[in-house]
Amino acid sequence: MINDEYFLAALRLASGNDPIPGHVSAAARDAYGLRVPGAVTAAPGECAAAGGVRDGEGSHLVRFVTADLTFDLEVTIGDGLIDVAGHISPNPGEGALIDVKTPHLTLSRRITPTGEFAVTGLPPGWLSLVCHRVGQKPVQTRWVRIRP
């Protein structure tokens with residue numbers, strides 16, 4: 001589109017003669033529903049393979065960080081499904097839960113005393129994690145797209 005086309009489209013929207021298509025509004029509502037109110041967002045961080053951590057074919061490492069938590073994820077794709085083995089450091093404390101979210105599915109796991117968790121059999125596509133800590137704001141990673 002050129003600038004004139006954008007301008008005309010904006011005028012049509014402003015006049016109410018070109019309503020937003022229903023599927024666009026529905027997609028926006030669905031995306032808004034995926035947020036976790038009040039959550040702190042963990043941003044992608046640099047992830048160097050540590051000794052003993054696999055990073056071969058079929059798996060890769062992803063890191064998200066905040067000021068007080070680090071999510072290290074090993075994502076493995078096999079048979080068209082995704083397995084996630086994760087470690088949160090420092091340990092978010094007793095009673096902490098992790099939600100592994102896709103746009104259509106949320107799986108909750110308890111975090112071990114060493115800060116580890118695992119989820120298997122997720123569909124390929126968008127993925128986000130939410131760490132629920134007792135007495136503190138949840139921490140949600142940005143959405144990352146995992147493809148086979």
Side-chain angles (χ1 to χ4, degrees), residues 1 5-6 9-10 12-14 16 18-148:
M1 269 191 200
E5 290 172 327
Y6 281 118
R12 282 194 299 273
L13 285 173
D18 193 11
I20 297 171
H23 71 279
V24 173
S25 296
R29 282 191 297 276
D30 289 346
Y32 187 74
L34 293 173
R35 69 183 175 78
V36 177
V40 175
T41 302
E46 191 164 320
C47 185
V53 177
R54 291 183 292 152
D55 192 17
E57 189 172 312
S59 69
H60 60 275
L61 305 175
V62 181
R63 175 175 280 174
F64 294 95
V65 295
T66 65
D68 60 347
L69 281 183
T70 299
F71 296 74
D72 285 318
L73 309 175
E74 179 182 354
V75 180
T76 305
I77 301 171
D79 296 330
L81 298 175
I82 298 171
D83 298 334
V84 177
H87 182 258
I88 298 178
S89 58
N91 186 324
E94 190 170 325
L97 292 173
I98 190 87
D99 288 342
V100 180
K101 301 175 73 142
T102 71
H104 308 288
L105 174 70
T106 299
L107 298 174
S108 296
R109 298 288 186 264
R110 290 234 173 260
I111 300 170
T112 67
T114 56
E116 297 168 341
F117 63 92
V119 175
T120 60
L122 295 169
W126 293 99
L127 180 74
S128 176
L129 287 84
V130 181
C131 178
H132 299 277
R133 304 174 288 176
V134 177
Q136 299 182 51
K137 290 183 176 183
V139 178
Q140 181 172 21
T141 67
R142 289 188 182 171
W143 287 86
V144 61
R145 189 171 187 185
I146 307 296
R147 297 183 225 196

Discussion item. Contact between Ser59 and Glu74 at the side-chain level, heavy atoms closer than 4.5 Å - yes or no?
Written reply: yes
Worksheet item: Is the shortest heavy-atom distance from the side chain of Val130 to the side chain of His132 under 4.5 Å?
Response: yes
Worksheet item: Would you call Val84 and Leu122 a side-chain contact if the rule is heavy atoms closer than 4.5 Å?
Response: yes
Worksheet item: What heavy-atom pair brings Ile111 and Cys131 nearest, and what distance separates the two atoms?
Response: CD1-SG, 4.1 Å
Worksheet item: Does the side chain to side chain contact (heavy atoms under 4.5 Å, CB included) test come out yes or no for Arg63 and Phe71, once each step is laid out?
Response: CA-CA 5 Å; Arg63 175 175 280 174; Phe71 296 74; over 6 Å; no
Worksheet item: Under 3.5 Å, side chain of Asp83 to main-chain N/O of Gly78, donor-acceptor pair present?
Response: no
Discussion item. For a side chain to side chain contact (heavy atoms under 4.5 Å, CB included) check, start with the C-alpha distance between Thr114 and Asn91, then their side-chain angles and the critical distance, and finish with the verdict.
Written reply: CA-CA 6 Å; Thr114 56; Asn91 186 324; 5.9 Å; no
Item to complete: Would you check if Ile98 and Ile88 make a side-chain contact, meaning some heavy-atom pair closer than 4.5 Å?
Response: yes
Worksheet item: How close do Arg109 and Phe117 get, heavy atom to heavy atom, and via which atoms?
Response: CB-CB, 4.4 Å
Practice prompt. Identify the two heavy atoms, one from Ile82 and one from Pro123, that lie closest to each other, and give their separation to 0.1 Å.
Written response: CD1-O, 3.5 Å
Fill in: Ile77 side chain reached by Ile146 side chain, heavy atoms, under 4.5 Å
yes
Discussion item. Assess the residue pair Gln140 and Ser128 against the criterion (side chain to side chain contact (heavy atoms under 4.5 Å, CB included)); give the C-alpha distance rounded to whole Å, side-chain angles, the decisive distance to 0.1 Å, and a yes or no.
Written reply: CA-CA 7 Å; Gln140 181 172 21; Ser128 176; 3.3 Å; yes
Discussion item. Which heavy atom of Leu73 sits nearest to which heavy atom of Gly86, and what is that distance?
Written reply: CD2-CA, 4.0 Å
Discussion item. Please give me the minimum heavy-atom distance between Lys101 and Val36, naming the atom from each residue.
Written reply: NZ-CG2, 4.1 Å
Worksheet item: Would you call Asp68 and Lys137 a salt bridge, using N to O less than 4.0 angstrom?
Response: no
Worksheet item: Side chains of Asp99 and Thr106: do they bring a donor and an acceptor to under 3.5 Å?
Response: no
Worksheet item: Quick check: does any side chain N or O of Thr141 sit under 3.5 Å from a backbone N or O of Phe64, one acting as donor and the other as acceptor?
Response: no
Item to complete: Answer yes or no: does atom CZ of Arg35 have more than 12 heavy-atom neighbours from other residues, nucleotides or ligands under 6.0 Å?
Response: yes
Practice prompt. Indicate yes or no for a side-chain donor-acceptor contact from Thr102 to the backbone of Leu127 under 3.5 Å, with no hydrogens or angles considered.
Written response: no
Fill in: Distance in Å, Leu61 CG paired with His87 NE2, rounded so as to fall on 0.5 Å steps
13.5 Å
Worksheet entry | For the student: nearest non-hydrogen atoms of Gly45 and Val65, plus distance | CA-CG2, 4.3 Å
